[in-house]
Amino acid sequence: MQPVEDYSFPPASFKPLLAEISGLLRSSSSTLAVAETTTGGLVSASLLSVSGASKFFVGGGTLYTTKSRKTWAGWTDDNLVDYKGPTPELVTGLAVSIREQMDVTYCIGESGATGPTVPGPPFIHVAGQTCIAVVSQDGFATRVVNTGVADREKNMVAFTKATLELLRDVLVGEVKLEQHQSESSSTKL
């Protein structure tokens with residue numbers, strides 16, 4: 001007899017969080033886009049698992065490579081000159097660029113290193129660490145999360161949950177938005 005596969009998605013622990021996010025976005029008629037890297041599309045997939053997601057979810061991209069960032073997030077060769085790896089400024093810039101292109105209320109940016117391996121110098125990647133941003137026209141909030149483990153799949157799920165938690169925290173006002181600087185954040189690294 002074949003073992004029964006478990007196809008449950010998203011993880012059960014995400015469901016109350018997703019229901020809360022969905023309710024907050026829909027009650028304020030807010031819209032959302034996602035620019036994610038190391039979560040591999042799991043943030044978007046989690047949000048889309050909620051019935052009625054089309055009321056708030058406009059789109060998402062997995063900007064895993066510099067080629068995808070150039071194509072979809074407006075990066076140029078100038079962005080790569082001093083690139084050392086994920087930073088709060090980098091994910092804020094990705095989210096600002098996608099938010100502007102998609103004309104949404106909020107955009108999430110995420111980039112990190114899931115492990116088990118990471119590139120060496122000159123890049124600064126820490127296995128188990130991700131940077132997250134939530135941006136709106138009113139400002140941005142960032143968070144750096146370090147799981148302390150180098151397990152790729154566990155980190156992808158943990159990074160996804162942490163990303164959703166920052167979004168929820170912004171939506172309920174537990175995390176206040178910082179003001180954007182006058183220089184376009186989408187060009188910063």
Side-chain angles (χ1 to χ4, degrees), residues 4-65 67-75 86 88 90-114 130-138 140-143 145 147 151-175 177 186:
V4 176
E5 292 283 333
D6 180 8
Y7 294 108
S8 60
F9 182 84
S13 65
F14 285 27
K15 291 183 181 187
L17 179 61
L18 290 164
E20 184 178 8
I21 289 168
S22 173
L24 291 163
L25 289 168
R26 289 195 287 188
S27 70
S28 63
S29 299
S30 296
T31 54
L32 176 71
V34 178
E36 57 192 309
T37 70
T38 53
T39 52
L42 291 176
V43 173
S44 295
S46 294
L47 291 161
L48 288 169
S49 73
V50 177
S51 179
S54 62
K55 300 279 190 228
F56 62 84
F57 188 85
V58 175
T62 303
L63 308 176
Y64 195 70
T65 64
K67 183 176 182 178
S68 63
R69 292 173 192 181
K70 284 181 172 183
T71 302
W72 294 324
W75 272 29
L90 178 139
V91 296
T92 300
L94 288 175
V96 165
S97 178
I98 298 301
R99 191 191 77 74
E100 290 170 356
Q101 290 179 59
M102 300 297 289
D103 190 27
V104 293
T105 314
Y106 296 97
C107 186
I108 300 167
E110 178 277 332
S111 186
T114 55
T130 194
C131 300
I132 306 162
V134 174
V135 301
S136 77
Q137 71 177 17
D138 298 324
F140 66 95
T142 61
R143 186 173 285 167
V145 174
T147 64
D151 182 298
R152 188 174 195 83
E153 289 134 2
K154 286 181 182 175
N155 282 329
M156 289 176 75
V157 173
F159 293 174
T160 299
K161 187 172 187 181
T163 300
L164 294 169
E165 288 172 338
L166 178 58
L167 175 61
R168 188 260 333 267
D169 293 350
V170 166
L171 294 174
V172 299
E174 287 181 17
V175 171
L177 297 176
S186 61

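Numbers here simply count residues along the sequence, with the first being 1.
Judged purely by atom type and a 3.5 angstrom limit, Ser136 uses its side chain to pair as donor or acceptor with the backbone of Asp138. Distance alone, capped at 3.5 Å, is enough to place a donor-acceptor pair between the Thr130 side chain and the Ser111 backbone. Distance alone, capped at 3.5 Å, is enough to place a donor-acceptor pair between the Thr37 side chain and the Glu110 backbone. Looking at Ser97, its side chain never comes within 3.5 Å of a backbone N or O of Leu94 through a donor-acceptor pair.
Across all non-hydrogen atoms, the minimal contact from Arg99 to Val135 is CD-O, 3.8 Å. Taking all atoms of both residues into account, the shortest heavy-atom contact from Ile98 to Ala35 is CG1-CB, 3.7 Å. Shortest non-hydrogen contact noted between Arg69 and Leu63 is NE-O, 2.9 Å. Between Thr38 and Met156, the shortest heavy-atom contact is O-CG, 3.4 Å. Nearest heavy atoms, Asn155 versus Thr114: ND2-O, 2.8 Å. Between Ala141 and Val170 the shortest heavy-atom distance is CB-CG2, 3.8 Å.
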Name each donor-acceptor pair under 3.5 Å that joins a side chain in residues 20-32 to protein atoms two or more places apart or in another chain, with its distance.
from: Ser22; atom 1: OG; to: Arg26; atom 2: NE; distance (Å): 3.2
from: Ser22; atom 1: OG; to: Arg26; atom 2: NH2; distance (Å): 3.1
from: Ser27; atom 1: OG; to: Gly23; atom 2: O; distance (Å): 3.1
from: Ser27; atom 1: OG; to: Leu24; atom 2: O; distance (Å): 3.1
from: Ser28; atom 1: OG; to: Leu24; atom 2: O; distance (Å): 3.0
from: Ser28; atom 1: OG; to: Leu25; atom 2: O; distance (Å): 3.3
from: Ser28; atom 1: OG; to: Ser30; atom 2: OG; distance (Å): 2.7
from: Thr31; atom 1: OG1; to: Thr105; atom 2: N; distance (Å): 3.0
from: Thr31; atom 1: OG1; to: Thr105; atom 2: OG1; distance (Å): 3.3

Which donor-acceptor pairs under 3.5 Å do the side chains of residues 43-59 make with protein atoms, sequence neighbours left out?
from: Ser44; atom 1: OG; to: Glu36; atom 2: OE2; distance (Å): 2.9
from: Ser46; atom 1: OG; to: Leu42; atom 2: O; distance (Å): 2.7
from: Ser49; atom 1: OG; to: Ser46; atom 2: O; distance (Å): 2.6

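Between Thr62 and Ser68 the shortest side-chain heavy-atom distance does not fall below 4.5 Å. Side-chain contact between Phe140 and Val96: absent, with no pair of heavy atoms (C-beta onward) separated by less than 4.5 Å.
A distance of 9.5 Å separates CD1 of Ile132 from OG1 of Thr142, quoted to the nearest 0.5 Å. Rounding to the nearest 0.5 Å places CZ of Arg152 at 10.0 Å from CZ of Phe159. Taking NZ of Lys161 as the reference point, atom OG1 of Thr147 lies at 13.5 Å (rounded to 0.5 Å).
Among residues two or more places apart in sequence or in another chain, the salt bridge (charged side-chain N to carboxylate O under 4.0 Å, His left out) test is passed with Lys70 by Asp77.
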Inset, instruction - Let me see the working for Val134 and Tyr106 under side-chain contact (heavy atoms from CB on, under 4.5 Å), right down to the final yes or no. - result: CA-CA 7 Å; Val134 174; Tyr106 296 97; 4.0 Å; yes

